[in-house]
2 protein chains.
Amino acid sequence: MKQDNRKQTAEHTAMAEAAIGVLDTHFLKALSDPTRVKILKRLILMGASDVGTIAAGLSQDRSVISRHLNTLEQARITTSRKIGRRVFYDIDGPYVVEKVSVILEALGPMAELCTPFDSPQFNSLQAEPSKDGAAA
Amino acid sequence: MKQDNRKQTAEHTAMAEAAIGVLDTHFLKALSDPTRVKILKRLILMGASDVGTIAAGLSQDRSVISRHLNTLEQARITTSRKIGRRVFYDIDGPYVVEKVSVILEALGPMAELCTPFDSPQFNSLQAEPSKDGAAA
DNA sequence: TGCTTATATGCACATGAATGCACATACTAA
DNA sequence: TTAGTATGTGCATTCATGTGCATATAAGCA
């Protein structure tokens, strides 16, 4: 009979586009480095700080921290402001939260549409799903 | 007078711990590769599929796709099931959504607590914030 | 038993990223 | 101007990762 064992059609197509569209690898990659996460933690605790102060609590060289801060800024996770000879960095909280919110919104349908191995071909007890059409 | 120009104390400390705690670099790193994202897109569109089918639509070698699928599985983003000589992979939607939800929950307070350069030292118009204590 | 197909792995290679040192640049202060 | 401090950059090194080819392992089929 070859019933389409996947209900995925328009719903899945739209979801795939939406989900993949918001998966900003640049943004995610910036959060994928342990040192950068440590930097973020320090920024949360201390608020806007200059490079030297941020690097003071970390083991890497100041230049390394400077580069990581640049990476974070390119991902818009942090912003910088130059005051005198120092450059202060701070987390752009609203942007980060907004970004993650959008991702969650787009991925939300996956909780139901991407239940792993849900199609009948993977469940020995398939036959026809007739009976009560749209059951729970 | 040296008032603590940052309101961050217990609130920020707790938030920093929570936020950094859920920032699973392993999970995020798995989502940071373009090829892996393409794989996920195909899995969303086609549902559970074997390696060959997944690789059919992509430019890389099957072995490469196999390795990426392994990476995704180690991050629990996908699950696998061996049927005969084929290995089917599928997205663990509920887990992914749950993961992102937890991240958003933990990062949520950042939207307010991490407004960049919020402290008075960065705003020339500081003085005392008296007057209407907690204004909008 | 062979023969074919599907997936994973060993190996080598290329690319990218993180790191640290030295130095250039930018700014402050005398 | 000269000296001193803060940050960013060039360069080389190291390490991780992605990639593809060849091959091993596993499973179905004749």
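Residue numbers start from 1 in every chain, and the chains themselves are labelled A, B, ... in the order their sequence lines are given, proteins ahead of strands.
- The ring-ring contact (aromatic ring centres under 6.0 Å, His included) contacts involving residues 24-73 of chain B comprise nothing, where partners must be two or more places apart or lie in separate chains.
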Only pairs under 3.5 Å count here: list side-chain donor-acceptor contacts from residues 92-109 of chain B, not counting sequence neighbours, and write none if there are none.
from, atom 1, to, atom 2, distance (Å)
B:Asp92, OD1, B:Tyr95, N, 3.3
B:Tyr95, OH, B:Lys99, NZ, 3.4
B:Lys99, NZ, B:Asp24, OD2, 3.2
B:Ser101, OG, B:Val97, O, 2.8

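- Listed by first and then second residue, the salt bridge (Lys or Arg N to Asp or Glu O under 4.0 Å) pairs involving residues 33-46 of chain B are A:Glu17-B:Lys41 (not counting sequence neighbours).
- Residue B:Arg81 contributes atom CZ, which lies 16 Å from atom P of C:dT7 at whole-angstrom precision.
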Under 3.5 Å, N/O pairs linking protein and nucleotides 23-27 of chain C:
from, atom 1, to, atom 2, distance (Å)
C:dA26, O3', A:Lys82, NZ, 3.4

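- Here B:Thr115 pairs with nothing under the side chain to side chain donor-acceptor pair (under 3.5 Å) rule; sequence neighbours left out.
- Of the options B:Ile65, B:Ile77, B:Ile91, a side chain to side chain contact (heavy atoms under 4.5 Å, CB included) to B:Ile39 is made by B:Ile65 and by none of the others.
- In this structure, B:Tyr89 reaches the sugar-phosphate backbone alone: every heavy-atom distance under 4.0 Å involves primed, P, OP1 or OP2 atoms, never a base.
- Within a heavy-atom distance below 4.0 Å of DNA chain D, the residues of residues 55-75 of chain B found are B:Gln60, B:Asp61, B:Ser63, B:Val64, B:Arg67, B:His68.
- Under the salt bridge (Lys or Arg N to Asp or Glu O under 4.0 Å) criterion, no residue pair touches residues 62-72 of chain A, with sequence neighbours excluded.
- In the 5' to 3' direction, nucleotides of DNA chain D lying under 4.0 Å from heavy atoms of chain A begin and end at D:dG4 to D:dC11.
- Residues A:Leu31 and B:Thr25 come closest through the heavy atom pair O-CG2, 3.9 Å.
- By the side chain to side chain contact (heavy atoms under 4.5 Å, CB included) test, B:Thr53 is found to be paired with B:Met46, B:Ser49, B:Asp50, residues two or more places apart in sequence or in another chain being considered.
- For the pair B:Asp50 CG and C:dA8 C1', the interatomic distance rounds to 14 Å; values are reported in whole Å.
- Contacts between residues 20-37 of chain B and DNA chain D, counted as heavy-atom distances below 4.0 Å, involve B:Lys29, B:Asp33, B:Thr35, B:Arg36.
- For B:Asp61, the side chain to side chain donor-acceptor pair (under 3.5 Å) criterion is met by B:Ser63, not counting sequence neighbours.
- The OG atom of B:Ser119 sits 7.5 Å away from atom CG of B:Asn123, with the distance rounded to the nearest 0.5 Å.
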Please list every donor-acceptor pair under 3.5 Å in which a side-chain atom of residues 79-90 of chain A meets a protein atom from a residue at least two apart or in another chain.
from, atom 1, to, atom 2, distance (Å)
A:Ser80, OG, A:Glu73, OE2, 2.7
A:Arg81, NH1, B:Phe122, O, 3.4
A:Asp90, OD2, B:Phe117, N, 2.9

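- Listed for the A:His12 side chain is no donor-acceptor partner under 3.5 Å among the backbone atoms of B:Leu45.
- Across every non-hydrogen atom of A:Ile44 and B:Ala16, the tightest pair is CG2-CB, 3.6 Å.
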